[in-house]
Amino acid sequence: MSRTPLPGIGTRYDLTTREQRRLSVVAHRDGGRTLSAYRSDDPDACALSLRLSSGEAAALVDALLPTHQSPNLLHTTDLGLLAERIEIAATSHWNGRVLGDTRLRTETGTSVVAVLRRADAIPSPTPDFRLAGGDTLIVIGTREGVESAAAILGRE
């Protein structure tokens, strides 16, 4: 696989399969993805191009990888803790509000250890951190706590 920076756009990843088929993914700065497959008889001719939202791309990755390697489920320990990515929708009740207003730690026992915003990662956000639609929160806790946090953060 090769990687090519696309200034102002994102990064392009190109892959040639065992059957000599070319695939490419453009990872856009806004979190979206464009998946393209090229014709076998003309590797420069695009046979299929799909624009995917970040959520659709994550769902596709979940379908391609076994559950234990899900990008949404980052790590599970013998202690029963896991880390999960939870996206804040543009229509979310929390869009524009501060993290402390969610009361996640108090209500669910989970901790937000980082926020992914476009191409940036904000580690250890404080309670006064202002959330925005499109943010992805990395939340750690028990399975029940993470599920409750996802329900709270999914509020519109």
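- Proximity of a side-chain donor or acceptor of S148 to a complementary backbone N or O of E144 within less than 3.5 Å is detected.
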Pair V112-L99, side-chain contact (heavy atoms from CB on, under 4.5 Å): steps then yes or no: CA-CA 9 Å; V112 177; L99 179 60; 4.0 Å; yes
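- Side-chain contact check for R51 versus H28: some heavy-atom pair is nearer than 4.5 Å.
- Side-chain contact between L131 and L137 is present, with heavy atoms from C-beta onward closer than 4.5 Å.
- Counting heavy atoms from C-beta on, the side chains of V139 and V113 never come closer than 4.5 Å.
- Geometrically, R22 engages Y38 in a cation-pi contact, judged by NZ or CZ lying under 6.0 Å from the ring centre and within 45° of the ring axis.
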Audit row: L82, I140, side-chain contact (heavy atoms from CB on, under 4.5 Å) steps and yes/no: CA-CA 6 Å; L82 59 102; I140 294 183; over 6 Å; no
Intermediate values then yes/no, side-chain contact (heavy atoms from CB on, under 4.5 Å), I9 and V26: CA-CA 8 Å; I9 297 170; V26 175; 4.1 Å; yes
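- Annotation: side chain of T142 is in contact with side chain of L81 (closest heavy-atom distance under 4.5 Å).
- Side-chain atoms of F129 and V98, non-hydrogen and from C-beta on, never get closer than 4.5 Å to each other.
- In the hydrophobic clustering of ILVMFWY residues, with side-chain heavy atoms under 4.5 Å counting as a link, V25 and L60 come out together.
- Counting only heavy atoms from C-beta outward, the side chains of S54 and R33 never approach each other to under 4.5 Å.
- A heavy-atom distance below 4.5 Å is found between the side chains of R105 and S111.
- Taking a cutoff of 4.0 Å between a charged side-chain nitrogen and a carboxylate oxygen, R12 and D14 qualify as a salt bridge.
- Contact of the T136 side chain with the V115 side chain is not registered, since no non-hydrogen atoms from C-beta on lie closer than 4.5 Å.
- Note on residues 112-130: pairs passing salt bridge (Lys or Arg N to Asp or Glu O under 4.0 Å), not counting sequence neighbours, are R117-D135.
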Step-by-step side-chain contact (heavy atoms from CB on, under 4.5 Å) determination, T108 to I152: CA-CA 9 Å; T108 69; I152 290 169; 3.7 Å; yes
